[in-house]
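Read through the structure below, which is laid out as structure tokens, and then see the notes.
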Amino acid sequence: MGASESLPGDDPIPEMHHYYSKFMKECPSGQLSLHEFKKLLGLQGLDPQGDVYIKRVFEIFDLNQDGFIDFLEFIAAINLVIRGKIDQKLKWYFKLYDADGNGCIDKKELLSIFAAIQAINGQTNMSAEEFTNMIFQKIDVNNDGELTLEEFISGVERDKSLMEMITKSFDLSNVLKVIQNGRRHSI
């Protein structure tokens, strides 16, 4: 076997061309709006809480905050979901929960985002209140009713069951599968 110039595994995201053609097919303008994002994922007509969650995910993927997700932002999001290291993902989750962007998560923020996620993913074996109380009980070290990024990351990394629960609850790979395989019906 001779040395080839480029092995498929060398590509940062081997499916890049697939994602690009998929993205452009679903979004010919190259700019995905919140409305198109929901349509792409088959998530129109959500209840208000589900809507809040999808809007937060959209805002975090929209890195330059221009109200659209372009292809580079889309690929950055995919890369994070597929290959991101656990602390990168935890930072992303933290951003998702920190709705007002003040650098801390309070119970109200965590409760509303978890309730929104439940509205999309279906019920879990724990209510949003129980989940929120359990997280604060386990990782709010100084009991001030707020979690800083440091408290959140070190607390979750310390607790295997919490890590598993958070990763499973907020797993976005199902979102990617929809994008990859296409769920939107042509109109």
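Scope of the values below: all heavy atoms of this structure, side chains included, with no hydrogens, waters or symmetry mates.
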Quick one: list whatever passes side-chain contact (heavy atoms from CB on, under 4.5 Å) with A99, sequence neighbours left out.
->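 Once residues adjacent in sequence are excluded, the partners of A99 under the side-chain contact (heavy atoms from CB on, under 4.5 Å) criterion are R56, E109.
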Any residue meeting side-chain contact (heavy atoms from CB on, under 4.5 Å) with M134, in chain and number order, not counting sequence neighbours =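 Result, side-chain contact (heavy atoms from CB on, under 4.5 Å) vs M134: M126, F131, K138, L162, M165.
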Do [X] and [Y] land in one hydrophobic cluster if side-chain heavy atoms of ILVMFWY residues count as linked below 4.5 Å?
{"X": "I86", "Y": "I105", "value": "yes"}
{"X": "L32", "Y": "I60", "value": "yes"}
{"X": "I135", "Y": "Y97", "value": "yes"}
{"X": "F68", "Y": "F37", "value": "no"}

Partners of [X] by side chain to side chain donor-acceptor pair (under 3.5 Å), sequence neighbours excluded?
{"X": "K38", "answer": "D51"}
{"X": "D87", "answer": "none"}
{"X": "K55", "answer": "E59"}

Would you say Q88's side chain and L80's backbone share a donor-acceptor pair under 3.5 angstrom?
->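 Between the backbone of L80 and the side chain of Q88 there is no qualifying donor-acceptor contact (under 3.5 Å).
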Examine distances only and state if a side-chain atom of N79 and a backbone atom of I75 form a donor-acceptor pair shorter than 3.5 Å.
->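 Checking the backbone N and O of I75 against the side chain of N79, no donor-acceptor pair under 3.5 Å is found.
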If you measure from [atom1] on [X] to [atom2] on [Y], what distance do you get to the nearest 0.5 Å?
{"X": "F58", "Y": "S33", "atom1": "CZ", "atom2": "OG", "answer": "6.0 Å"}
{"X": "K91", "Y": "D98", "atom1": "NZ", "atom2": "CG", "answer": "14.5 Å"}
{"X": "L96", "Y": "L110", "atom1": "CG", "atom2": "CG", "answer": "10.0 Å"}
{"X": "T148", "Y": "N142", "atom1": "OG1", "atom2": "CG", "answer": "7.5 Å"}
{"X": "E157", "Y": "I139", "atom1": "CD", "atom2": "CD1", "answer": "11.0 Å"}
{"X": "M163", "Y": "I153", "atom1": "CE", "atom2": "CD1", "answer": "9.5 Å"}

Identify the two heavy atoms, one from L90 and one from F152, that lie closest to each other, and give their separation to 0.1 Å.
->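 Between these two residues, the closest heavy atoms are O-CE2, 3.5 Å.
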Give the minimum heavy-atom separation between E36 and Q31, together with the two atoms involved.
->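 The pair with the smallest heavy-atom distance is OE1-O, 3.1 Å.
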Should we count CD of Q65 as having more than 12 external heavy atoms under 6.0 Å?
->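 Yes, the 6.0 Å shell around CD holds more than 12 heavy atoms from other groups.
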Would you mind reporting whether D140 and E146 have side-chain heavy atoms less than 4.5 Å apart?
->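 Sidechains of D140 and E146: no contact.
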Would you say E151 and L147 make side-chain contact, with heavy atoms under 4.5 Å?
->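 The answer is yes; the side chains approach within 4.5 Å.
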Partner residues of F23 under the ring pair (Phe, Tyr, Trp, His ring centres under 6.0 Å) criterion, sequence neighbours left out =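 Here the qualifying residues are F71, F74.
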